[in-house]
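To start, the structure itself, in structure tokens.
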Amino acid sequence: MTSTSGLNLVAGQWTAAHSGKVFSRRNPADDDDLVGEFPESSMADVEAALPALAEGAAEWAAASADRRAEVLGRAAGLLEERRAELAAELVREEGKTLAEATAETTRTSLNLRFYAGEAHRVAGASYPADDGGLVYTWREPVGVVGAITPWNFPLTIPSRKIGPALAAGNAVLFKPSPVTPLMAQRLVEALLAAGLPSRAVALLHGGAAAGAAAAADPRVAAVTFTGSTTAGRAVHALVGPSRRAQLEMGGKNPVVILQDADLDRAARIIVKGAFGLSGQACTGTSRVIALRQVHDPLLDRVVELAGKLAVGDGMRPGVDMGPLAADFQLRKVLDHVRVGQEEGADLMTGGHRLTGGGRERGLFVAPAVFAGVCPEMRLAREEIFGPVLGFQCAADFEEALELAAATEYGLASGIVTRDLGKALAFARRSPSGLVKVNQPTTGTAMNVPFGGLGESSSQTFKEQAGPTAMLFYLREKSVYLSPLD
């Protein structure tokens with residue numbers, strides 16, 4: 001396959017990094033396949049981008065809601081026209097299956113269309129005034145927004161940051177993950193082709209240096225970040241108290257299985273949540289907490305389903321799970337499997353690297369299921385972000401709740417039960433921002449607020465979906481207007 005020569009977008013021009021340095025991105029299913037080379041940006045590139053972004057922010061803020069909506073809608077249409085091509089590129093760059101990549105490209109267009117509609121709903125409120133005057137609130141764009149995005153959903157997550165930022169009238173400094181630079185370039189290309197002013201967006205490829213420079217610069221009014229908790233804490237410290245930070249970080253998401261659950265359905269829900277997207281989803285199922293009465297038969301079902309998953313190149317028909325996205329991911333997953341065994345958990349299936357059947361040059365691992373996981377083990381405490389699942393046993397509903405809450409994270413949780421009362425009690429008492437009942441922990445609706453609790457979020461502007469996501473990208477003024485006579 002041909003490789004791509006990527007570029008930054010700075011001051012409306014496609015350009016190399018200031019240093020001239022580049023980095024390579026290779027297909028995680030085939031290390032011989034070079035996806036492309038991209039600029040390694042630094043603080044100098046951030047410095048070059050920000051003056052033009054300030055000008056672009058003023059121009060775009062003055063644009064009508066109709067124009068903002070038109071650009072976002074047109075970009076969505078352009079992505080839809082290229083959906084098959086983009087899905088294939090996404091499989092090659094990130095490692096999803098073709099079905100998963102097609103779903104992501106489709107959702108990206110839908111996200112942009114949703115926020116095109118929100119451009120018309122930027123509104124304040126009016127309040128009674130004792131002197132016969134008027135008191136009202138006025139919402140306006142914050143200015144330049146820094147969007148630092150991860151590699152696991154390289155189109156969807158940027159679209160739900162850049163979409164509302166542009167709908168609100170801001171300019172965007174976009175710093176994507178170096179694991180998925182091509183998808184970032186494709187998204188920006190669509191926005192420009194749709195008529196977005198070229199100075200209203202900057203694209204800076206590369207690693208942490210460019211992201212840190214963007215987060216630290218006071219000319220960036222707000223920073224929205226999705227990634228690990230460690231990196232998120234660093235971003236939060238750089239932004240400081242006088243600017244806005246929105247962080248979606250790690251998770252250690254449990255699913256509780258009660259004794260009345262349909263075990264076949266529960267097993268399918270668990271396997272989809274744990275091993276879909278190669279386990280590389282922030283809301284992916286990491287822990288199963290099953291009541292004692294159903295623990296063993298449920299474990300047998302999950303082990304059987306996990307062992308039947310076809311692992312391979314996502315472009316091949318019949319593949320259920322693609323490779324891990326990067327070599328550091330493979331090393332991390334294999335290390336957690338090793339540590340889990342050393343700490344005394346029972347590896348029931350998987351957890352080893354797969355190299356046969358055309359997988360010799362890829363980052364493939366068999367989905368792992370552990371039993372006998374205790375709360376103090378790393379398998380129960382640390383985010384793995386890969387296809388590794390741990391089973392814990394609970395005596396009753398109360399113990400299951402305690403085990404589910406025994407984590408610093410609070411992103412997603414789930415329960416499988418026919419008991420509506422128990423389901424509602426779990427939803428009320430689970431310390432997570434997303435609760436799923438009889439559904440996989442993965443998957444959210446674009447029109448519903450999404451964000452975590454605990455160490456999964458900055459606890460400030462956490463609504464990273466739905467109409468409330470717009471509020472992060474708008475500042476509000478209170479205006480008191482009284483007549484002179």
Enumerate, atom names and distances included, each donor-acceptor pair closer than 3.5 Å involving a side-chain atom of residues 156-164, sequence neighbours excluded.
unit_1: S159; atom_1: OG; unit_2: N111; atom_2: ND2; d: 3.0
unit_1: S159; atom_1: OG; unit_2: L155; atom_2: O; d: 3.4
unit_1: S159; atom_1: OG; unit_2: T156; atom_2: O; d: 2.7
unit_1: R160; atom_1: NE; unit_2: Q464; atom_2: O; d: 3.1
unit_1: R160; atom_1: NH2; unit_2: E248; atom_2: OE1; d: 3.4
unit_1: K161; atom_1: NZ; unit_2: T224; atom_2: OG1; d: 2.7
unit_1: K161; atom_1: NZ; unit_2: T226; atom_2: OG1; d: 2.9
unit_1: K161; atom_1: NZ; unit_2: Q464; atom_2: OE1; d: 2.8

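- A distance-only check finds a donor-acceptor pair linking the side chain of R381 to the backbone of E376 [under 3.5 Å].
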- Query: Could you go step by step and tell me if R107 and E104 meet the salt bridge (Lys or Arg N to Asp or Glu O under 4.0 Å) rule?
  - Reply: CA-CA 5 Å; R107 176 62 176 269; E104 177 166 356; over 6 Å; no
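- A salt bridge links R475 with E140: the closest approach of a Lys/Arg side-chain nitrogen to an acidic carboxylate oxygen falls below 4.0 angstrom.
- Checked by atom type and distance alone, the side chain of N170 pairs as donor or acceptor with a backbone atom of V142 at under 3.5 Å.
- Applying the side chain to side chain donor-acceptor pair (under 3.5 Å) rule to pairs touching residues 417-426 yields D260-T417, sequence neighbours excluded.
- Listed for the R25 side chain is no donor-acceptor partner under 3.5 Å among the backbone atoms of P178.
- For residues 390-405, every residue pair satisfying the side chain to side chain donor-acceptor pair (under 3.5 Å) rule, not counting sequence neighbours, is listed here: E398-R429.
- The ring pair (Phe, Tyr, Trp, His ring centres under 6.0 Å) contacts involving residues 241-270 comprise nothing, where partners must be two or more places apart or lie in separate chains.
- With hydrogens and angles disregarded, no donor-acceptor distance shorter than 3.5 Å links the side chain of K96 to the backbone of S278.
- Listed by first then second residue, pairs satisfying side chain to side chain donor-acceptor pair (under 3.5 Å) with a partner in residues 313-328 read D327-R331, not counting sequence neighbours.
- The two residues Q280 and P323 come nearest to each other via the heavy atoms NE2-O, 4.1 Å.
- Ionic pairing of D335 and K332 is not present here: no N-O contact between side-chain nitrogen and carboxylate oxygen is shorter than 4.0 angstrom.
- In this structure, K272 contributes its side chain and G276 its backbone to no donor-acceptor pair below 3.5 Å.
- With hydrogens and angles left out, the side-chain atoms of S286 and K252 include a donor and acceptor closer than 3.5 Å.
- Between the side chain of S177 and the backbone N or O of P150 there is no donor-acceptor pair closer than 3.5 Å.
- Look at E476 and R139 and you find a salt bridge, because one of the NZ, NE, NH1 or NH2 atoms lies within 4.0 Å of a carboxylate O, short of that distance.
- A donor-acceptor contact closer than 3.5 angstrom links the side chains of S432 and S430.
- Judged by distance alone, with hydrogens and angles left aside, the side-chain atoms of S456 form a donor-acceptor pair with the main-chain N or O of G250 at under 3.5 Å.
- Counting only residues at least two apart or on different chains, the side chain to side chain donor-acceptor pair (under 3.5 Å) pairs with a member in residues 80-89 are E80-R113, R82-E85, R83-T106, E89-R186.
- T441 and T283 are not linked by any side-chain donor-acceptor pair at a separation below 3.5 angstrom, with hydrogens and angles left out of the test.
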